[in-house]
2 protein chains.
Amino acid sequence: MFAINPADPAPIWRQIEEGVRRLIALGALQPGASVPSVRDLAKDLRVNPNTVARAYQRLAEGGVLLVKRGEGTYVADEQPQPKKAQRNGALRDAAVRYASTAIAVGSALEDAVDEVETAYQRVVREHRRKA
Amino acid sequence: MFAINPADPAPIWRQIEEGVRRLIALGALQPGASVPSVRDLAKDLRVNPNTVARAYQRLAEGGVLLVKRGEGTYVADEQPQPKKAQRNGALRDAAVRYASTAIAVGSALEDAVDEVETAYQRVVREHRRKA
DNA sequence: ACCTGTGTATTAGCTATCTAATACACTAAG
DNA sequence: CTTAGTGTATTAGATAGCTAATACACAGGT
């Protein structure tokens with residue numbers, strides 16, 4: 001699926017939440033597809049099942065996942081379409097954080113943009129490879 | 001100086017550390033200039049003095065700041081030049097995190113790059129304005 | 001000398017996170 | 001029915017980070 005980065009200060013459950021969202025956005029997880037069970041994903045990521053459960057619950061609340069109790073968890077048929085304002089807001093916050101660190105380490109704007117482009121395409125490619 | 005973002009999962013001492021580095025990179029803090037005292041900056045940021053002290057100590061260990069005990073803290077005369085490999089490594093990690101969230105929220109590469117450009121220039125402008 | 005402002009250190013308590021170990025209710029398959 | 005596999009809930013413990021309060025040693029100005 002994806003990997004957990006212990007060096008990332010973001011909580012693990014948030015990393016899982018974002019990882020699932022990313023897989024769906026990339027098309028690796030199609031609507032209706034089943035998602036790994038809480039225990040399986042926990043074992044895969046070397047993480048506690050409770051942590052995975054927390055991420056799944058948040059995704060279910062957001063309408064991204066559909067929980068069939070006692071049966072399993074699936075990708076919701078209709079993915080919620082976030083308002084453009086919300087999406088841009090989240091992206092904007094992330095951009096500010098990234099730009100701040102880029103400036104702090106003394107990188108020019110061009111270098112910062114280059115790194116984003118290669119990183120973006122590398123993430124996409126990485127998932128294409130596994131498919 | 002700068003602001004602390006409580007929503008950022010990064011520890012406050014790390015935000016302070018990066019904030020100081022950013023001010024130096026922007027030229028707002030020249031070598032030899034005095035930095036706000038631990039207590040003053042703590043009061044300014046509405047944060048505990050211990051947290052500021054931790055950031056200052058890390059910056060002093062890294063050669064970014066020079067501590068004159070009992071007198072004050074100053075920007076080091078010779079700023080350490082991080083190896084290009086180190087700087088690129090830090091930037092690369094940040095770029096991967098940013099690209100991941102951009103993909104997760106369903107943004108195209110072009111939009112992600114645009115947000116970085118505006119954010120970068122906005123941070124720079126914001127500091128130019130205060131100067 | 002005295003006092004104020006430095007950085008530094010220590011101790012305690014709080015909150016969030018993660019882990020671990022169970023336990024429960026539900027569904028599907030044998 | 002029994003069993004295995006779901007999601008879910010609870011409890012306890014460990015750790016990291018932040019806060020608060022206090023104290024110490026040093027430098028500089030009065």
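Proteins come first, then strands; the chains are lettered A, B, ... in the order of their sequence lines, and each starts at number 1.
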Interatomic distance where [atom1] belongs to [X] and [atom2] belongs to [N] [whole Å]:
{"X": "A:K43", "N": "C:dA21", "atom1": "NZ", "atom2": "P", "result": "13 Å"}
{"X": "A:E61", "N": "D:dG7", "atom1": "CD", "atom2": "P", "result": "16 Å"}
{"X": "A:R14", "N": "C:dT17", "atom1": "CZ", "atom2": "P", "result": "8 Å"}
{"X": "B:I4", "N": "D:dC18", "atom1": "CD1", "atom2": "P", "result": "9 Å"}
{"X": "B:Q15", "N": "D:dA16", "atom1": "CD", "atom2": "P", "result": "19 Å"}
{"X": "B:R58", "N": "C:dT8", "atom1": "CZ", "atom2": "C1'", "result": "17 Å"}
{"X": "B:I12", "N": "C:dA16", "atom1": "CD1", "atom2": "P", "result": "14 Å"}
{"X": "B:R54", "N": "D:dA20", "atom1": "CZ", "atom2": "P", "result": "17 Å"}

Taking the minimum atom-to-atom distance to the side chain of [X], which one of [options] wins?
{"X": "A:V67", "options": "C:dT17, D:dG7, D:dG28", "result": "D:dG7"}
{"X": "B:P11", "options": "D:dG17, C:dA25, D:dC26", "result": "D:dG17"}
{"X": "B:Q57", "options": "C:dA9, C:dT6, D:dG17", "result": "C:dA9"}

task: Please state whether the phosphate of D:dG5, meaning OP1 or OP2, lies under 4.0 angstrom from any side-chain nitrogen or oxygen of A:S37.
output: no

task: For residues A:L65 and A:V35, determine if any side-chain heavy atom of one lies less than 4.5 Å from a side-chain heavy atom of the other.
output: yes

- prompt: Is there side-chain contact between B:T73 and B:L66, with heavy atoms separated by less than 4.5 Å?
  reply: no

message: Please determine whether any donor N or O and acceptor N or O are separated by less than 3.5 Å between the side chain of B:R39 and the base of C:dG5.
response: no

field: Residues from residues 45-53 of chain B lying under 4.0 Å of DNA chain C - heavy atoms
entry: B:N50

message: Between A:E17 and A:R21, does any NZ, NE, NH1 or NH2 come within less than 4.0 Å of an OD or OE carboxylate oxygen?
response: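 Judged by the 4.0 Å cut-off on N to carboxylate O distance, A:R21 and A:E17 do form a salt bridge.
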
message: One thing to verify: whether B:R122 and B:E126 come together as a salt bridge, which I'm taking to mean a side-chain N less than 4.0 angstrom from a carboxylate O.
response: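 Salt bridge between B:E126 and B:R122, a charged N being under 4.0 Å from a carboxylate O: no.
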
message: Determine whether B:Y74 and B:V67 satisfy the following criterion, side chain to side chain contact (heavy atoms under 4.5 Å, CB included), listing intermediate values before the conclusion.
response: CA-CA 6 Å; B:Y74 304 86; B:V67 168; over 6 Å; no

- prompt: Which heavy atom of A:V64 sits nearest a heavy atom of A:Q79, and at what distance?
  reply: O-NE2, 3.1 Å

query: When you look at A:L41 and A:S37, which way does the side chain to side chain contact (heavy atoms under 4.5 Å, CB included) test go after all the steps?
result: CA-CA 6 Å; A:L41 184 55; A:S37 76; over 6 Å; no

